[in-house]
Amino acid sequence: MQITNELRDTVVLVDAQDREVGTLAKIAAHSGRGSLHRAISVFLTDGSGRVLMQKRHPDKLVWGGYWSNSCCTHPFVGESTIDCASRRVQEELGLSVDLTFHFKLKYQASFTKAHAEHELVSVFTGRVNGEPTVAPEEISALMWIEPDLLSQELVSKPNVYTPWCILEWKELQARGIL
C-alpha cells in the first residue's frame, strides 16, 4: 500500500458497532465534539513487566505534550486494526512486536472548545525485546514505568495523561491483562 498524505490525513468513520459509515479528514474528525472514528492503542511491556509510555510531541493537535500509552493512531482506509497497530509500533518506536487484541472502547473527550477525540479504539498489548527508537516528530520522551506506579500516577496526576490512556489502562487492569 502506498502511503499518501491523503491516506495519512483521513480517518474511517464508524458507528458504535464499528461498522464503517464513511471517511473524513482527520482535522475535521477532531473538530468540535469530534466525529466517531476508528483508532488503535498499544500498551507495550518489557520482560520485567514495566510499561512503555510516551510523551506526545507538543505539536500534536490534541493532547500534545501529554503522557500516553506506548503508541496510538488511526487505521488507514482499508487497513485492519492489527496491521495498523503493528505499522505504528514500527513507525513510532522502531520495534517489531507480536501484538494481542483485547477489546474495543468507545469514548469522547474534549481537548479545547475547538478540538476533541471521539473514537472507537481497538486496544492491543505486546512484549518488547530491545530498546525503542523514537520518531522525534511523534514523541518527545519515553519512560518505562511499573504497573502499580502507573496506576497511582493516573489517579494522582490525571491532567498530565491522555484521557484514552487512563480509560484503557483502567479496563486493562479490570480485566487482569496488565
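Reckoned from all heavy atoms, side chains included, excluding hydrogens, waters and symmetry mates. Only a predicted model underlies this, so the values are computations on that prediction, with no experimental measurement involved.
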**Message:** Membership question, hydrophobic clusters at under 4.5 Å side-chain separation (ILVMFWY): are L178 and V42 in the same one?
**Reply:** no

**Item:** Neighbour count above 12 (heavy atom, 6.0 Å) for D59 CG
**Value:** yes

**Asked** CZ of R175: more than 12 outside heavy atoms within 6.0 angstrom?
**Response** yes

**Message:** For K26, I'd like to know if atom NZ has over 12 heavy atoms of other residues, nucleotides or ligands within 6.0 Å.
**Reply:** yes

Check: residues 121-137 side-chain donor-acceptor pairs under 3.5 Å, at least two apart:
residue	atom	partner	partner atom	Å
T125	OG1	H102	NE2	2.6

**Item:** From CZ (R56) to CD1 (I139), nearest 0.5 Å
**Value:** 10.0 Å

**Counterpart residues, ring pair (Phe, Tyr, Trp, His ring centres under 6.0 Å), relative to H30 (two or more places apart)** = H37, H74

**Item:** Spatial distance of atom NZ (K106) from atom CG (L120) [nearest 0.5 Å]
**Value:** 8.0 Å

**Prompt:** Should F43 and L149 be regarded as members of a common hydrophobic cluster, given that ILVMFWY residues are connected when their side-chain heavy atoms come within less than 4.5 Å of each other, either directly or indirectly?
**Reply:** yes

**Request:** Check for a donor-acceptor pair, side chain of E20 on one end and backbone N or O of V12 on the other, with a separation under 3.5 Å.
**Result:** no

**Prompt:** Which pair of non-hydrogen atoms, one from F101 and one from F103, has the smallest distance, and what is that distance?
**Reply:** CE1-O, 3.3 Å

**Request:** Please round to the nearest 0.5 Å and tell me the distance separating atom OG1 of T81 and atom CG of D18.
**Result:** 7.5 Å

**Fill in**
Rounding to 0.5 Å, atoms CD (E146) and OG1 (T45) come to a distance of 11.0 Å

**Asked** Taking C-beta and beyond as the side chain, do S96 and Q90 meet within less than 4.5 Å on heavy atoms?
**Response** yes

**Asked** Do I145 and Y66 share a hydrophobic cluster, counting only Ile, Leu, Val, Met, Phe, Trp and Tyr and linking them when any side-chain heavy atoms are less than 4.5 Å apart?
**Response** yes

**Partner residues of A116 under the side-chain contact (heavy atoms from CB on, under 4.5 Å) criterion, sequence neighbours left out** = S110

**Prompt:** Q173 versus S151: any side-chain heavy-atom pair under 4.5 Å?
**Reply:** yes

**Prompt:** Taking 4.0 angstrom as the limit, do E138 and R88 come out as a salt bridge?
**Reply:** yes

**Asked** Looking at NZ of K104 and CD of Q17, how far apart are the two atoms once the value is rounded to the nearest 0.5 Å?
**Response** 10.0 Å

**Asked** Backbone N or O of P75 within a donor-acceptor pair of the R87 side chain at under 3.5 Å?
**Response** no

**Asked** Would you say F76 and L61 are hydrophobically clustered, going by side-chain heavy atoms of ILVMFWY under 4.5 Å?
**Response** no

**Asked** Hey, any chance L150 and L142 share a hydrophobic cluster, counting ILVMFWY side chains that come within less than 4.5 Å of each other, even indirectly?
**Response** no

**S70 side chain to L52 backbone, donor-acceptor under 3.5 Å** = yes

**Prompt:** Below 4.5 Å, heavy atoms only, C-beta onward: do I40 and T73 meet side chain to side chain?
**Reply:** yes

**W63 side chain near W164 side chain, heavy-atom distance below 4.5 Å** = yes

**Message:** To the nearest 0.5 Å, what is the distance between CZ on R38 and SG on C84?
**Reply:** 10.0 Å

**Complete:** Heavy-atom closest pair (V51 atom, P147 atom, distance to 0.1 Å) is CG2-CG, 4.3 Å

**Asked** Can you tell me if Q54 uses its side chain to pair, donor with acceptor, with the backbone of S140 under 3.5 Å?
**Response** no

